[in-house]
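Down below is the structure, laid out as structure tokens.
Letters A, B, ... are given to chains in the order of the sequence lines, protein chains preceding strands, and every chain is numbered from 1.
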There are 2 protein chains.
Amino acid sequence: MTKNILFIMYDQLRFDYLSCAGHPHLQTPNFDRVAAKGVRFDRAYVQSPVCGASRMSYYTGRYVHSHGAQWNNHPLKVGEMTLGDHLRKLGMQTWLIGKTHMKADAEGMARLGLAADSVIGARVSECGFDVWVRDDGLNAEGPDGFYDRRRSPYNEYLLNKGYAGPNPWHDSANAGVTPDGDIASGFLMQHADKPANVREEDSETPWLTDQAIAFMQDHKDGAPWCAHVSYIKPHWPYIVPAPYHAMYDTGQIQKVVRAPQERENPHPVYEAFLNGIIGKAFHDDKVREVVIPAYMGLIKQCDDHLGRILEYLDDSGQMDSTMIVLTSDHGDYMGDHWMGEKDLFHEPSVKVPMIIFDPSPEADATRGTVCNALVESIDLAATFIETAGGEVPAHIVEGRSLMPWIRGETPDDWREFAISEYDYSGTGAAVKLGMAPKDCRLFMVVTHRWKFMHAEGGFRPMLFDLHNDPDELEDLGESDAHKAIIAQMYDHLFTWARRMSQRTTISDATITEKRGASRRRGIVLGAYDAEGISDEILSKYVGPAPEVPDVT
Amino acid sequence: MTKNILFIMYDQLRFDYLSCAGHPHLQTPNFDRVAAKGVRFDRAYVQSPVCGASRMSYYTGRYVHSHGAQWNNHPLKVGEMTLGDHLRKLGMQTWLIGKTHMKADAEGMARLGLAADSVIGARVSECGFDVWVRDDGLNAEGPDGFYDRRRSPYNEYLLNKGYAGPNPWHDSANAGVTPDGDIASGFLMQHADKPANVREEDSETPWLTDQAIAFMQDHKDGAPWCAHVSYIKPHWPYIVPAPYHAMYDTGQIQKVVRAPQERENPHPVYEAFLNGIIGKAFHDDKVREVVIPAYMGLIKQCDDHLGRILEYLDDSGQMDSTMIVLTSDHGDYMGDHWMGEKDLFHEPSVKVPMIIFDPSPEADATRGTVCNALVESIDLAATFIETAGGEVPAHIVEGRSLMPWIRGETPDDWREFAISEYDYSGTGAAVKLGMAPKDCRLFMVVTHRWKFMHAEGGFRPMLFDLHNDPDELEDLGESDAHKAIIAQMYDHLFTWARRMSQRTTISDATITEKRGASRRRGIVLGAYDAEGISDEILSKYVGPAPEVPDVT
């Protein structure tokens, strides 16, 4: 059965801010509906808790340590294969609608003579996607210019709608209005309780939803497609238009997950983050109290517009031929563990929602179930390749297809641990700790029971017991009683670090097939004489010796 | 001072088969002359003891685990930067004269639309080199066709000279004549004592030397160059033209280095190799006795023709402006440790000659000295970049410049261990051991005192004490007394395996420079209100709030 794939990503959506994942106050009936029709993976980890690196893993199916784009705006090197490369070979179009946070490797493209306006160059520049619309959703501007130098189609939309320029993304969609009638920038969190100064239908989430629906209308027939619908929200600036700005009050905020003991003898890297500007801001309850309701409103808005997509699929009869995937590139601490934003490996940051609806009959067995297998974000690329009818090229794509789980099978060789990484070389924490870039690297190993972090640069590890301490409040990294566990985690990390990740030009099957081929191509080794060597093998090496020609 | 670089490689040249390295019977005055003018590094290790993988490390300056071309004929993936990419940017031409054993990534090139006949495509296809002449020197042919499907300029040379076709590479240059007048193939080692059926001046080593001299004559003026003069010899087939075939007798063979204990409880991977076809052949002394004198003759011939190159440099006045590098891609067991050929990590296989003559006055302090620093073959790429006047891009090139040693400095942060790797997935040993390709990977760690091997797939390690057992006859891999050492070696390997090898699109300096830049581009994080944030930073976010336009 030919299927399309609707691969929907919400930026910075915490795993537990959905009613199907247990949020007590935030009702997300449309996410829940997909979960009820599909499988919700509740141990899904991103390969890096930061937009750029995480996304490059989603789009390549490879660990950050493999593709090398370790942080936001690290160019993805030319030559790395992406979803588009894999799926197009299988006859599946691969489209982008929204954000990727991908920076092209302009130097590499110039070195290889790839023009950005050729079909190949355009795809290489856009992480393998054909672009329906790209908007990274961060049209921020400061004294040194724009954060993102590419054009913003969303800003152009607002300008066309009559919103005042030059940057209605900020001044209207991501700001409110002060009592004095001034711009109340969403970048100042005190304004998170104000309605964004934009009509709801002109805000980012509905705008991108319209784009997604227009794409689907335009691609009803023809080759199957994988469409990456990639929302900027509920990512900051934390500000949402009416009526969503006023839907939740402080009584509906989940209890903060933090304990004084976390700050008593903290891991030095964790300490640098929790005492950074963002961490410190979230130590103050008033920040949580103003930000979280806005964040919940942003998610509620996402859910409502997901409802429009589901409705379109129902109405157009495409629900039965569309795989739907709902996920995020990382979470948001929201004050938990004395942290804001993302960056480290506590569950609110590194674990993401992952809901997959597969319309195929083979998936009937698992509808509405929750799967607690250890899932990595790179598994989606493999899943999509299988869905498109291909075999996963395991020498390139490091993730594994989730289809067995979706069919209700339990692979007996599923991974025992998941990995995530974080490179903080570009952050204030690196400055504070005085670290050279190469040492600013963190690795997480998580098993069913344990969560471990190794930091380069001579630091001790961190360890949490997820069974006895599911809130990750007690760091056992210095516990003598856990030395054996820590050794085991190091062993997992070591096994992973040695993995073969770069032999991407030749598959295991080809290697096995070619064993012994060189002898049949004339390379005869270890032979003293012809004994035991067939005449066929030596056939080119016999006959009367030629004469040495006269000197000419 | 502008210098050219003559980067000469001899294929399969053992480190100790030179008189300057202590061979008692093989006189190599020309190698010795370069050593007397330069520095001989006597702890130089290749990144993999097999042609293809080793060379890809030389040419990229990166570990095999980083570039991924793990064995012969594994394509070097498009996008990997090579010597040519680095040196041309610095105004240095980069030429190939001889062998690379590089297989182009045809699939990757097609994916990126690179035509092999464009300048860029041609360089990508040839490992970054401009090709003066390429000849990989293995024009072997069997029932399934030629080992190497590209044209052989050397074969064409022989045909032009009147040697009989179709394959005079084999029938004349790499075969002798039996008493009955038949072809005595050099692939059968019993024939190694015969003279090759070719005039000496038409054999491979003089032919390539002529090419090298012609290149230098043609490039006397103009931009500086790095020329990779890459001989196939003394690589098998072990057969050499007169008079070299008769220069050495069995009395001049070095004593075999092997002991019965090596076969008593061997490491399973080592056992598979020593009991393979090649290993077994070399258990028989008659094989060593016929092969080694031919191998010595091949090296003597290389030395004589090196003399011609030195003479050309002297006569043309270029000796003072040419860096000369003499090295190999791996060694040759020659029966030591019950092994033939290469593949594993005993010194005869993994250690190579490495002699560097730098004509600059700064190198005067070290002329004629021996340096015992732990050197890796990837260090040459870095050395050449520094010689060409560049800064080594440490985020791409993993080797380190040897120039400090050549200037007589002792860097205080030089590496404490060197790494080599071997992927035996394509070999008979893999079949014998029943190993999946991904588990057929070996890693060597060598320090000043210890040599360690880790094998994937659940095997124990190997360990040698190079101080007390310089011949590497006693494997301490199971010794309880050495558990701490083994743990230390694993720790080195772990550190290495975690290294950042793929973040090749952005340098440490750029990252450090960009720290904090996002705030100046409008990304204001962790701010509750404007307190402590300068007006300049917020300058784009102030003013009267715009009106929401009427619905149009």
Side-chain angles (χ1 to χ4, degrees), chain A residues 68 70 74-75 77-79 105 112-113 120 140-144 147 162-164 171-172 177 181-183 185 187-190 197 277-278 281 287 425-426 437-438 494 497-498 500 502-506 508 511 515 520-529 536 540-541 543-546 549, chain B residues 68 70 74-75 77-79 105 112-113 120 140-144 147 162-164 171-172 177 181-183 185 187-190 197 277-278 281 287 425-426 437-438 494 497-498 500 502-506 508 511 515 520-529 536 540-541 543-546 549:
Chain A
Q70 307 216 144
H74 286 195
K77 65 181 149 197
V78 73
D105 174 12
L112 296 178
I120 289 172
E141 189 184 5
D144 290 350
Y147 174 72
Y163 286 87
D171 298 351
S172 298
V177 182
D182 283 333
I183 291 172
S185 173
F187 277 113
L188 303 180
M189 293 187 286
Q190 65 174 331
N197 189 19
I277 293 173
I278 301 164
V287 170
S425 58
K438 74 172 176 52
F494 191 12
R498 293 193 312 269
M500 185 167 53
Q502 301 303 325
R503 199 204 67 205
T504 55
T505 57
I506 187 163
D508 284 19
I511 285 172
R515 279 174 183 164
R520 292 192 56 85
R521 293 191 175 277
I523 302 288
V524 179
L525 294 177
Y528 178 74
D529 53 30
E536 192 200 5
K540 305 288 181 183
Y541 296 156
Chain B
Q70 306 215 147
H74 286 193
K77 66 181 149 196
V78 72
D105 175 11
L112 296 179
I120 289 172
E141 189 183 7
D144 290 352
Y147 174 72
Y163 287 85
D171 298 352
S172 298
V177 183
D182 285 332
I183 292 172
S185 173
F187 277 112
L188 303 180
M189 293 187 287
Q190 64 174 332
N197 189 19
I277 292 173
I278 302 165
V287 170
S425 58
K438 72 173 177 52
F494 191 11
R498 293 192 312 270
M500 185 166 54
Q502 302 303 324
R503 199 203 67 205
T504 55
T505 58
I506 187 163
D508 284 20
I511 285 172
R515 279 175 182 165
R520 292 193 56 85
R521 292 189 176 278
I523 301 289
V524 179
L525 294 177
Y528 178 75
D529 53 31
E536 191 199 5
K540 304 289 180 181
Y541 296 156

Item checked: Contact summary for Gly526(B) and Ile277(A), nearest pair of heavy atoms -> O-CG2, 3.7 Å
Check: Do you know which of Met500(A), Arg503(A), Arg520(A) has the most heavy-atom pairs with chain B at a distance under 4.5 angstrom?
Finding: Arg520(A)
Check: Where do Asp182(B) and Pro544(A) come nearest, in terms of heavy atoms and distance?
Finding: OD1-CA, 3.5 Å
Note to self: Side chains of Gln70(A) and Ile506(B), heavy atoms from C-beta outward: is any pair under 4.5 Å?
What the structure shows: no
Checklist line | chain A contact via Ile523(B) - which portion, at a heavy-atom distance below 4.5 Å | finding: both
Next item on the list: Working to the nearest 0.5 Å, report the span between CE of Met189(A) and OH of Tyr528(B).
Entry: 9.0 Å
Next item on the list: Please determine, among Tyr147(A), Tyr541(A), Tyr163(A), the option with the most heavy-atom pairs under 4.5 Å with chain B.
Entry: Tyr541(A)
Notebook entry, point to check: Is the backbone of Asp508(A) close enough, under 3.5 Å, to the side chain of Lys438(B) for a donor and an acceptor to pair up by distance?
Noted result: no
Check: In terms of heavy-atom pairs under 4.5 Å with chain B, which of Thr505(A), Val78(A), Val177(A) leads?
Finding: Thr505(A)
Item checked: Proximity breakdown for Ile120(B) and chain A, heavy-atom pairs closer than 4.5 Å -> side chain
Item checked: For Ala545(A) against Asn197(B), the heavy-atom pair lying closest together -> CB-ND2, 4.0 Å
Next item on the list: Against chain A, label Asp105(B) side chain, backbone, both or neither, depending on which of its atoms sit under 4.5 Å from a heavy atom there.
Entry: side chain
Next item on the list: Select one option (side chain, backbone, both, neither) describing which atoms of Leu525(A) are under 4.5 Å from chain B's heavy atoms.
Entry: both
Next item on the list: Please report the closest heavy-atom contact between Asp144(B) and Arg521(A), naming both atoms and the distance.
Entry: O-NH1, 2.6 Å
Note to self: How long is the straight-line distance from NE2 of His74(A) back to OG1 of Thr504(B), given to the nearest 0.5 Å?
What the structure shows: 11.5 Å
Next item on the list: Against chain A, work out which of Ala164(B), Ser185(B), Ala140(B), Gly79(B) has the most heavy-atom pairs shorter than 4.5 Å and name it.
Entry: Ala140(B)
Item checked: Non-hydrogen atoms of Ile183(A) and Pro546(B) that approach each other most closely -> CG1-CD, 4.0 Å
Checklist line | Option that, when pairs with chain B are counted at under 4.5 Å, heavy atom only, ranks first among Ala281(A), Ala497(A), Gly162(A), Pro143(A) | finding: Pro143(A)
Next item on the list: Give the minimum heavy-atom separation between Ile511(B) and Ser425(A), together with the two atoms involved.
Entry: CG2-OG, 3.4 Å
Item checked: Polar side-chain atom of Arg498(B) near backbone of Phe494(A) as donor-acceptor pair, under 3.5 Å -> no
